[in-house]
Amino acid sequence: MSARILVRVQKEGFDASAEAAVLTQGRGDIGALVSFTGLCRDEGGVLAALEIEHYPGMAEEEINRAALEAASRWPLEGVVAIHRYGLIRPGEPIVLAITASAHRGEAFAAASFLMDYLKTEAPFWKRRHLAGKGAGDWVEAAAQDHAAAQKWRA
Amino acid sequence: MSARILVRVQKEGFDASAEAAVLTQGRGDIGALVSFTGLCRDEGGVLAALEIEHYPGMAEEEINRAALEAASRWPLEGVVAIHRYGLIRPGEPIVLAITASAHRGEAFAAASFLMDYLKTEAPFWKRRHLAGKGAGDWVEAAAQDHAAAQKWRA
Amino acid sequence: MKALYFSWVRERIGKAEEEIVPPENIKTVAELMAWLSGQGENYAAAFANIKTMRAALDHTHVRHDALIQNAWEIAFFPPMTGG
Amino acid sequence: MKALYFSWVRERIGKAEEEIVPPENIKTVAELMAWLSGQGENYAAAFANIKTMRAALDHTHVRHDALIQNAWEIAFFPPMTGG
């Protein structure tokens, strides 16, 4: 395994193209780049923002574990995983996962795995802020996310 | 089906982030954006460039068919598919496929489908230019690409 | 040891972190949760539904039957909703 | 009708496109390929391995048993290698 792994947990936004360029710049062996961006949805207009709490230290470590696991399962040249915290408005990006590989099948599988793993293992919690109402309820974990993560253990 | 579909066949490069922004700008209903970039590999240093020939007219139509098929199979908000032709150097992008959806599973599946479809149905042909030797052999179709496309017909 | 609380666990207990000194007979995460829930109404409310509670020892997810041993930090939180 | 050739089909025939006027008894793509391969050594070389040849009628992929009917354009090419 020789994948370059870049993990960050930050308040600021990110530039997916710039992050991808870090992996591909000057390389002639990367044929496939898959980039996943998770965005804040407005839930039909009722959501003013998502507030994302995280466990500093463990969050970075857990995402790093996910990236290492992905790089051990597929022949990857690079992985970028960035997760934001704090107040995030609808339309803004929350999470970025990029995988670079020689071939597309591996890059797609690894990016999908990384997101499934992040969703269920990385210590982040979302709470809704409703339009005109301030802090609202905490988002509940979705059973489908756990089912998605479970399929990689089969 | 109400997906916004943008298809282009061009000689020039592209900016994946700018293309993705066209789909997400001002939207609050997109939660997942998957972007695939296919890059020219140097095949261990022997490749100077790929020359990509295409069938003008049919190429755009065939990619459009692939995008429409993806949008009919998954609840997509938008699709961007761009394929380049002409001389492309190692490290440069060849193809871009972006899918936008409310949820990540659909966006991943649709982007993967789009690429499998493009590989086997879009009328493009690659020829190798070897370092110091000019135009070389035509790339042969990979059996694995046909197997990948076939799985969506099951 | 240091105890950290996140999301609604933090809200119900009313603090984000604290130093705790559990009795020596507390060996597992489950025993620690039972002991904590006896420390007041706020703790009882936080640990009311033990089944949904997640725990991490020194930044690593653990099951409720995990031994605490020499961990320097334990965290309690609901199922994660990141990504 | 207009015939287009791509990749090594174009190279072997020596041209990218031409107007062709097949006899009236040529009804299918397979029959047209057989007729074309009798038009000279270059055509014979291009259509030597019929199995790998792909065809499109008016920008749509077709099988070798497809009827040509009133198509305005037919294209011949090897399996595609884009993406």
Peer 1: Can you confirm whether Val79(A) sits close enough to Trp74(A) that some side-chain heavy atom of one is under 4.5 Å from a side-chain heavy atom of the other?
Peer 2: no
Peer 1: Quick check for you: among Ala148(A), Ala111(A), Ala97(A), which has the greatest number of heavy-atom pairs under 4.5 Å with chain B?
Peer 2: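 Option with the greatest count: Ala111(A).
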Peer 1: Between Arg89(A) (side chain) and Ala49(A) (backbone), is there a donor-acceptor pair under 3.5 Å?
Peer 2: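 Here the side-chain-to-backbone pair does not exist.
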Peer 1: When only pairs under 4.5 Å are counted, which of Asp116(A), Leu39(A), Leu47(A) shares the most heavy-atom pairs with chain B?
Peer 2: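 Among the listed options, the one with the most contacts to chain B is Leu39(A).
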Peer 1: In terms of heavy-atom proximity below 4.5 Å to chain B, should Thr37(A) be classed as side chain, backbone, both, or neither?
Peer 2: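 Both backbone and side chain.
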Peer 1: Can a donor-acceptor pair be found, under 3.5 Å and without considering hydrogens, that links the side chain of Arg41(A) to the backbone of Gly28(B)?
Peer 2: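 Side chain of Arg41(A) to backbone of Gly28(B): no pair is present.
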Peer 1: Taking Gln10(B) for its side chain and Gly13(B) for its backbone only, find out whether a donor-acceptor pair lies under 3.5 Å.
Peer 2: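 Yes, because the side chain of Gln10(B) sits within donor-acceptor range (under 3.5 Å) of the backbone of Gly13(B).
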Peer 1: Measure Ala18(B) against the heavy atoms of chain A and call it side chain, backbone, both or neither at under 4.5 Å.
Peer 2: neither
Peer 1: Between Gly44(B), Cys40(B), Ala102(B), Gly45(B), who has the most heavy-atom pairs with chain A when the cutoff is under 4.5 Å?
Peer 2: Ala102(B)
Peer 1: When you measure from the side chain of Ser101(A) to the backbone of Ala107(A), do you find a donor-acceptor pair of N or O atoms at a distance under 3.5 Å?
Peer 2: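 A pair under 3.5 Å: no.
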Peer 1: Please confirm whether the backbone N or O of Gly57(B) pairs with a side-chain atom of Glu60(B), one donor and one acceptor, at under 3.5 Å?
Peer 2: yes
Peer 1: So which of Ile98(B), Asp29(B), Ile30(B) has the biggest tally of heavy-atom pairs under 4.5 Å with chain A?
Peer 2: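 Of Ile98(B), Asp29(B), Ile30(B), Ile30(B) has the most heavy-atom pairs under 4.5 Å with chain A.
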Peer 1: Using non-hydrogen atoms and a 4.5 Å limit, figure out which bit of Arg27(B) sits close to chain A: side chain, backbone, both or neither.
Peer 2: backbone
Peer 1: When heavy-atom pairs shorter than 4.5 Å are enumerated against chain A, which of Pro90(B), Gly31(B), Gly91(B), Gly105(B) gives the highest number?
Peer 2: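 Answer, by heavy-atom pair count under 4.5 Å with chain A: Gly31(B).
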Peer 1: So, for Ile5(A) and Ala71(A), which heavy atoms are closest and what is the spacing to 0.1 Å?
Peer 2: CD1-CB, 4.3 Å
Peer 1: Please determine, among Lys119(A), Gln25(A), Glu43(A), the option with the most heavy-atom pairs under 4.5 Å with chain B.
Peer 2: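 Result: the option with the highest number of such pairs is Lys119(A).
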Peer 1: With a 4.5 angstrom heavy-atom cut-off, could you sort out which part of Ser112(B) is near chain A: side chain, backbone, both or neither?
Peer 2: both
